[in-house]
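What you are looking at is a predicted structure, and each value in this text was computed from that prediction instead of being measured.
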Amino acid sequence: MQRSATRGVSFSLAGWLWADLLLGLFAIFLAASAVASAPAQKQAGLDPKPFEINVQVDGSALLSGDIGRVAFEQARVAAEVTSRLAASAPGRHAAIIFAYGSSESAANGDRIATLATQSLTGPAFTGTLMKAYHELLAGDPGTSVSFEIYFDE
């Protein structure tokens, strides 16, 4: 008789063990679903839509050996880009700038774009990655630079 009494106690303890395990799993499930349903914070990154600016430049001035002419044209381009950004995207910081210098020569287009971006140094451009490219246009001596600007979100 004693043997069957101990067997009954172990079976009843096994039932409570299963009930406790199910209760523990239910608590874990509730905690996990509460964390998953919390609103996600906005992550830092880039705005995928670029802000585009086309600036007319004097390619002969930028490509000349005259330091004064080059500096004047660079300052003019920087002032125009900065003013357009201030008017259209105030308070935003440029993360990446792609500049495309138009020319009939790839080397001249790259050089025009490089020189046009060198003077972009204001607070909106601190830490900005700038890449210069060319835009091949037949017969173009270097009349414009197109900027694609990607902002921080």
Side-chain angles (χ1 to χ4, degrees), residues 14-153:
W16 281 108
L17 178 63
W18 283 109
D20 288 343
L21 284 174
L22 286 175
L23 184 63
L25 288 173
F26 180 69
I28 291 171
F29 172 75
L30 283 178
S33 65
V35 170
S37 65
Q41 293 181 351
K42 187 175 181 181
Q43 294 182 354
L46 293 179
D47 185 355
K49 186 173 187 275
F51 180 73
E52 297 177 2
I53 299 173
N54 190 4
V55 177
Q56 298 301 312
V57 298
D58 183 0
S60 63
L62 288 172
L63 297 174
S64 73
D66 185 0
I67 296 171
R69 270 183 84 194
V70 172
F72 179 79
E73 187 63 16
Q74 285 177 321
R76 189 191 66 74
V77 169
E80 186 170 344
V81 170
T82 303
S83 69
R84 285 194 194 178
L85 279 179
S88 300
R92 297 198 70 190
H93 179 264
I96 300 173
I97 297 178
F98 296 122
Y100 300 91
S102 68
S103 180
E104 61 188 350
S105 160
N108 286 346
D110 287 342
R111 184 79 179 132
I112 288 169
T114 300
L115 290 168
T117 58
Q118 282 179 349
S119 59
L120 297 176
T121 58
F125 306 108
T126 304
T128 302
L129 171 70
M130 297 185 199
K131 296 294 285 179
Y133 298 100
H134 59 270
E135 180 179 3
L136 293 177
L137 296 175
D140 188 348
T143 58
S144 69
V145 175
S146 298
F147 294 92
E148 282 184 8
I149 303 171
Y150 292 87
F151 295 109
D152 290 325
E153 280 192 315

Next on the checklist: So which atom in L46 and which in A95 form the shortest heavy-atom distance, rounded to 0.1 Å?
Outcome noted: CD2-CB, 3.2 Å
Checklist entry - Is there side-chain contact between L62 and V57, with at least one heavy-atom pair below 4.5 Å? => result yes
Checklist entry - When you measure from the side chain of S144 to the backbone N and O of S102, does any donor-acceptor pair fall under 3.5 Å? => result no
Checklist entry - Can you name the closest pair of heavy atoms from T143 and Q56 and give their distance? => result O-OE1, 3.0 Å
Next on the checklist: Do R111 and S105 make a side-chain contact, defined as non-hydrogen atoms from C-beta onward lying under 4.5 Å apart?
Outcome noted: no
Item to check | Minimum side-chain heavy-atom gap L85-I149 below 4.5 Å | outcome: yes
Checklist entry - Is any side-chain heavy atom of T82 closer than 4.5 Å to a side-chain heavy atom of F125? => result yes
Checklist entry - In terms of side-chain geometry, is the basic nitrogen of D58 or R76 positioned less than 4.0 Å from the acidic oxygen of its partner? => result no
Checklist entry - Considering all heavy atoms of both residues, which atom of G142 and which atom of I112 are nearest to each other, and what is their separation? => result CA-CD1, 3.6 Å
Checklist entry - So, for H93 and T126, which heavy atoms are closest and what is the spacing to 0.1 Å? => result NE2-O, 2.6 Å
Checklist entry - What orientation do F151 and F51 show, parallel under 30°, tilted 30 to 60°, or perpendicular over 60°? => result tilted
Next on the checklist: For the backbone of A113 and the side chain of H134, can you confirm whether one donor and one acceptor N or O come within less than 3.5 Å of each other?
Outcome noted: no
Checklist entry - Under the 3.5 angstrom rule, does the side chain of E135 hit a backbone N or O of G109 as a donor-acceptor pair? => result no
Checklist entry - Can you name the nearest heavy-atom pair linking L120 to A78, along with the distance? => result CD2-CA, 3.7 Å
Checklist entry - Is there a donor-acceptor pair closer than 3.5 Å between any side-chain N or O of S119 and the backbone N or O of Q74? => result yes
Next on the checklist: Please give me the minimum heavy-atom distance between A61 and E73, naming the atom from each residue.
Outcome noted: CB-CB, 4.3 Å
Next on the checklist: Whether the side chain of T114 engages the backbone of A132 through a donor-acceptor N/O pair (distance < 3.5 Å, no angle test) should be reported.
Outcome noted: no
Item to check | Check: L30 and F26 side chains under 4.5 Å, non-hydrogen atoms | outcome: yes
Item to check | R84 side chain to E52 backbone, donor-acceptor under 3.5 Å | outcome: no
Checklist entry - For I67, does the CD1 atom sit with more than 12 other heavy atoms under 6.0 Å from it, leaving out its own atoms? => result no
